[in-house]
Amino acid sequence: MTKLNSRQREAVHYIDGPCLVLAGAGSGKTSVITRKIAYLIQQCELPARHIAALTFTNKAAREMKERVSSLVKGTAARGLTVSTFHNLGLNIIRREARILGYKPGFSIFDAEDARALLKELMLKDGEMDKDHLDLVQHQISTWKNDLTTFEQAEAAAVSQAEKTIARVYQRYNQALRAYNAVDFDDLILIPVHLFQANPDVLTRWQRKIRYLLVDEYQDTNSSQYLLVKQLVGSSGALTVVGDDDQSIYAWRGARPENMSLLKQDFPQLRVIKLEQNYRSTSRILRVANHLIAHNPHEFDKALWSEMGLGDPIRILRCPNEEAEAERVAAEILTDRIRHQRKFRDYAILYRGNHQARLFEIKLQQHQIPYRISGGSSFFAKTEIKDVMAYLRLIVNPDDDNAFLRVINTPRRQIGTSTLEVLGQYASERHISLFAAAQEIGLQSYVPEKNVERLQRFTQWLTQVARNCAGDNPVSAIHSMLTDIDYEGWLHQNATSTKAAEKRMENVHYLIESLQKSLDKSADDNEDEETRIEDAIAKLVLRDLLERQEEEDLSDQVQLMTLHASKGLEFPHVYMVGLEEDLLPHRNSIEDNNIEEERRLTYVGITRAQKTLCMTLAGKRKQFGDIADTTPSRFLDELPAEDIEYEGFGESSPEKNLAKGEETISSLLSMFD
DNA sequence: AATCCTGGAGTTTTT
DNA sequence: CTCCAGGATT
């Protein structure tokens with residue numbers, strides 16, 4: 001899209017104050033952000049290093065960077081910040097580590113690390129079972145996202161249980177401190193607290209970031225919004241782009257009300273709506289608009305397009321989930337041939353990952369190539385976690401979590417009793433496990449043989465760390481892996497040789513990424529020395545780890561959750577499982593979260609460019625037995641005149657629907 | 001240290 | 001029904 005429409009142009013050119021761009025699905029919001037960055041650099045002559053754009057995912061940041069550099073010629077775009085919130089937070093903490101009291105090389109705990117730590121803390125406390133673990137972890141995360149300190153949490157606690165969780169929260173934070181570690185939520189929270197306590201530091205950052213742009217603003221949580229407010233200060237140099245109708249992450253702390261909050265916090269806010277859609281047919285948009293109109297709205301918005309009326313939306317009711325999958329697979333097969341389309345033109349979207357299974361089987365049966373996105377991530381793989389733990393320990397010996405993961409991987413004949421004593425020794429002296437393992441005093445508590453083993457380990461690792469500090473850290477890491485014969489360990493543990501080879505390949509890929517990260521920061525980091533610490537920290541945030549994007553080249557049907565589909569588009573979309581308890585999901589019905597489920601459905605519908613087909617199964621096997629299903633209430637909220645129904649009874653549904661009264665549920669009760 | 005057994009859950013997910 | 005985690009058992 002080379003030409004901007006008048007609304008888009010207004011959004012790009014308006015720089016006299018804070019600006020909220022209400023960008024409907026497919027309205028070219030990324031264009032607006034990238035063009036605005038180019039405009040600021042080229043027309044307003046604002047140096048790129050004073051501009052920052054924030055996204056939620058690395059992928060979005062990467063794409064935005066690419067698009068900006070294709071718009072801005074030469075070196076003018078150098079120094080531009082396009083990063084995720086978390087990456088910006090990481091940079092701030094790294095730069096201000098001294099003030100904050102973190103040693104360089106601090107660790108970043110992901111959700112799993114945090115969970116392991118919490119588990120330990122709660123076990124020491126006694127009587128806390130696994131149920132609580134999830135709850136506590138979630139609660140602490142919520143508190144952090146809402147900027148609630150443990151003092152506030154404790155003061156606000158009404159029940160004994162809440163008081164207990166608040167205390168775990170306190171001890172959890174203390175433990176993180178002791179390990180020289182931060183968790184994901186801290187990456188935002190710590191900068192916010194820093195800026196609150198040190199106005200001069202904030203001023204420094206405000207001078208650095210003179211214009212701020214935020215993508216997917218409806219997904220910000222409270223602490224992220226506060227960070228934005230702090231950085232913008234009174235300058236009003238802010239553009240945010242978002243769509244309240246596509247807010248589907250409230251369950252992980254997103255506050256869509258941050259959009260209306262913006263109006264209060266910045267009274268001079270200019271609101272610009274982008275309603276022209278460049279993706280879908282009018283029919284698809286009509287259906288989407290009709291559905292979302294059932295939600296209350298702060299900002300009204302109606303999408304329209306010039307892409308033609310398009311085919312009616314089809315709603316298919318299949319006898320059961322097997323027939324549903326079969327039908328979709330068969331349709332894709334014949335439709336592709338008949339219309340000379342590609343497999344990659346089709347997407348199958350569902351609410352939950354487990355739904356993918358049946359479709360996978362059916363697609364395989366028909367020999368249809370497919371790709372499932374989502375599922376277990378690269379970083380969840382054990383071999384990656386192992387190697388990352390080694391890397392973390394090299395850089396930060398105080399990271400007890402990493403120590404515990406690594407100490408017996410591969411086996412070093414250090415038993416649980418030795419580790420228990422070591423842990424006690426360490427906590428009495430307020431030192432890390434690694435430090436404790438090196439102490440002479442340990443000999444009076446642990447058999448000599450075990451002390452030797454521990455010390456052999458710490459000495460070896462210290463040497464590895466020294467090697468890594470040299471000029472070829474990557475080769476130091478390679479020889480470390482050879483030292484421990486990690487490959488042999490993988491073969492020993494894997495179910496097959498092939499699996500072990502695959503795992504080793506993953507490890508090599510990880511190290512390659514590390515090398516790339518080091519090369520890159522050597523290239524464009526004028527100010528600071530290249531540090532392996534930084535590269536490892538970035539790896540934890542999955543930055544610089546471009547997943548092999550062969551998927552773009554290959555011709556495969558796309559399978560993914562509705563959540564994962566946000567921001568993408570497909571010519572032909574199948575949304576499956578439109579049943580009560582599935583979409584809307586049962587838990588959401590129970591928690592009265594129907595509006596978010598409706599938005600999720602809206603997101604799905606607006607992914608489609610040309611055709612959209614929604615399916616449901618009349619009977620579905622769940623939790624062992626087969627039950628009748630109820631069609632999703634959202635199907636009743638679509639305009640019947642744009643829809644073709646199939647499988648809802650013998651006689652023609654149009655006859656009934658002509659009256660415009662009948663809902664799917666009433667049709668069902670008539671004919672079933 | 002490895003394997004078997006039992007029980008409980010069974011949405012969405014990025015950083 | 002099916003999968004996983006964690007505990008118990010060998």
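Sequence lines set the chain letters: A, B, ... in the order given, protein chains first and strands last, and positions in each chain run from 1.
Following rounding to the nearest Å, A:L568 (CG) and B:dT14 (P) show an atom-to-atom distance of 12 Å. Atom-to-atom, CD1 of A:I361 to P of C:dC1 comes out at 16 Å; the value is rounded to the nearest Å. For A:L90 and B:dT15, the CG to C1' distance is 11 Å, given to the nearest whole Å. Going from atom CG of A:N221 over to atom P of B:dT14 covers 16 Å, rounded to whole Å. What separates CD of A:Q224 from P of B:dT15 is a distance of 12 Å, to the nearest Å. Atom CD of A:Q492 and atom P of B:dA2 are 7 Å apart (whole Å). Rounding to whole angstrom units, CG of residue A:D134 and C1' of C:dG6 are separated by 14 Å.
Between A:H354 and B:dT11 there is a side-chain N or O to OP1 or OP2 distance below 4.0 Å. A:N587 has no side-chain polar atom (N or O) that falls below the 4.0 Å cut-off from OP1 or OP2 of B:dT12. Neither OP1 nor OP2 of C:dT2 sits under 4.0 Å from any side-chain N or O of A:K621. The shortest distance between the side-chain N/O atoms of A:N58 and the OP1/OP2 oxygens of B:dT15 is below 4.0 Å. A sub-4.0 Å separation between OP1 or OP2 of B:dT13 and a side-chain N or O of A:T561 is present.
Each of A:L600 and A:N408 lies near DNA chain B, and the nucleotide nearest A:N408 is the one positioned closer to the 5' end.
Across all strands shown, A:F56 has heavy atoms under 4.0 Å from sugar-phosphate atoms exclusively, and none from any base. The residue A:E597 sits close to a base: some heavy atom pair falls under 4.0 Å. Among the protein residues, A:R357 comes within range of the sugar-phosphate backbone only, with heavy atoms under 4.0 Å from sugar or phosphate atoms but none that close to a base. Residue contacts for A:R411: at a heavy-atom cut-off of 4.0 Å it reaches the sugar-phosphate backbone alone, with no base atom in range.
No more than 12 heavy atoms of other residues, nucleotides or ligands shown are found within 6.0 angstrom of CD1 on A:I626. Within a 6.0 Å sphere centred on NZ of A:K208, heavy atoms belonging to other residues, nucleotides or ligands number more than 12.
Taking atom C1' in both B:dT14 and C:dC3, one finds a spacing of 24 Å when rounded to whole Å. Only the P atoms considered, B:dT11 is 15 Å distant from C:dT2, to the nearest whole Å.
Side-chain contact between A:Y179 and A:F109: present, with at least one pair of heavy atoms (C-beta onward) separated by less than 4.5 Å.
One N or O on the side chain of A:H294 and one on the backbone of A:L291 form a donor-acceptor pair closer than 3.5 Å.
Aromatic stacking of A:H86 on B:dT15: not satisfied for centres closer than 5.5 Å together with planes under 30 degrees.
Ion pairing of A:R586 with A:D581 is present here, as a side-chain N (NZ or NE/NH1/NH2) and a carboxylate O approach within less than 4.0 Å.
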